[in-house]
Amino acid sequence: MKKPTGTYARIYTVVRRIPIGRVATYGQVAGLAGLGGHARQVGYAVSALPDESNVPWHRVINARGEISPRGEPGGDLEQRSLLEAEGVQFNAGGRISLERYRWRPRTGLP
DNA sequence: TTTATGGCTGTCA
DNA sequence: ATGACAGCCATAA
């Protein structure tokens, strides 16, 4: 294992661990990344993610189980599209059932 | 070095 | 149920 410098790298690593058909909240990723409750950093890290990154940032959503309205128009729509393509279903209003699609990590936790 | 910003979260009314 | 407020930290300029 290496020691990735920068908090972003850590977040990307966690997001990459999210399986298909599953979603994780910013707070969840933050906790797994070791940030602990600092979900905001996750959002900024993902916002800075380059398109060539193999990080499924679209699998990361807010605690409401919905996609955050980022500053880029259409961005949230594309995220929803990607999730639906993976098999994630949205409720009326574009919300996801966290109780059903929330990613539950097993190994790697203390 | 400091300043400003930001795809969040949790609590209260 | 919804709306509003404050707090935490890293990155970039």
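Within every chain, numbering begins at 1; the chains are lettered A, B, ... in the order of the sequence lines, protein sequences first and strands thereafter.
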task: In sequence, state the C-alpha distance, the side-chain angles, and the governing distance for A:D76 and A:S68, and then conclude on side-chain hydrogen bond (donor to acceptor under 3.5 Å, both in side chains).
output: CA-CA 7 Å; A:D76 56 322; A:S68 289; over 6 Å; no

Closest to the side chain of A:A63, out of B:dG7, B:dG10, C:dA10, is B:dG10

Review point. Are a donor atom and an acceptor atom from the side chains of A:R16 and A:Y12 found within less than 3.5 Å of each other?
Key: no

Any sub-3.5 Å donor-acceptor pair from A:Q79's side-chain atoms to A:V60's backbone N or O?
yes

Rounded to whole Å, CZ of A:R10 lies from C1' of C:dC9 at a distance of 13 Å

Counting N and O atoms only, with roles assigned by atom type, does the side chain of A:R59 sit under 3.5 Å from a partner on the main chain of A:I18, one being a donor and the other an acceptor? yes

From CG of A:N91 across to C1' of C:dA1 the rounded distance in Å is 16 Å

Taking pairs as Watson-Crick (N1-N3 plus N6-O4 or O6-N4) or G-U wobble (N1-O2 and O6-N3), each distance under 3.5 Å, the stems of three or more consecutive pairs with DNA chain C are B:2-6 with C:9-13, B:8-13 with C:2-7

A:E86 (side chain) donor-acceptor with A:I20 (main chain) under 3.5 angstrom: no

Taking 4.0 Å as the cut-off, does a side-chain nitrogen or oxygen of A:S68 come that near to OP1 or OP2 on B:dC8?
yes

To the nearest angstrom, the NE2-C1' distance between A:H38 and B:dG6 comes to 15 Å

task = Describe the nucleic acid contact of A:V60 in one word from base, sugar-phosphate, nothing, applying a heavy-atom distance below 4.0 Å.
result = base

From CD1 of A:I67 across to P of B:dG7 the rounded distance in Å is 15 Å

DNA chain B nearest-nucleotide lookup for A:Q41 and A:N62: closer to the 5′ end is A:Q41

Here the distance between atom P of B:dG7 and atom CD1 of A:I11, to the nearest Å, is 14 Å

Which of C:dT11, B:dT9, B:dG7 is nearest the side chain of A:S47? It is B:dG7

Atom CG of A:L49 and atom P of C:dT11 are separated, to the nearest Å, by 13 Å

*Considering only heavy atoms and no angle criterion, is a donor-acceptor pair shorter than 3.5 Å present between the side chain of A:R40 and the base of C:dG7?*
yes

Rounding to 0.5 Å, atoms CG (A:N54) and CG (A:L49) come to a distance of 9.0 Å

| Side chains of A:T25 and A:N62: do they bring a donor and an acceptor to under 3.5 Å? | no

Rounded to whole Å, CZ of A:R64 lies from P of B:dG10 at a distance of 11 Å

From OH of A:Y26 across to C1' of B:dC8 the rounded distance in Å is 8 Å

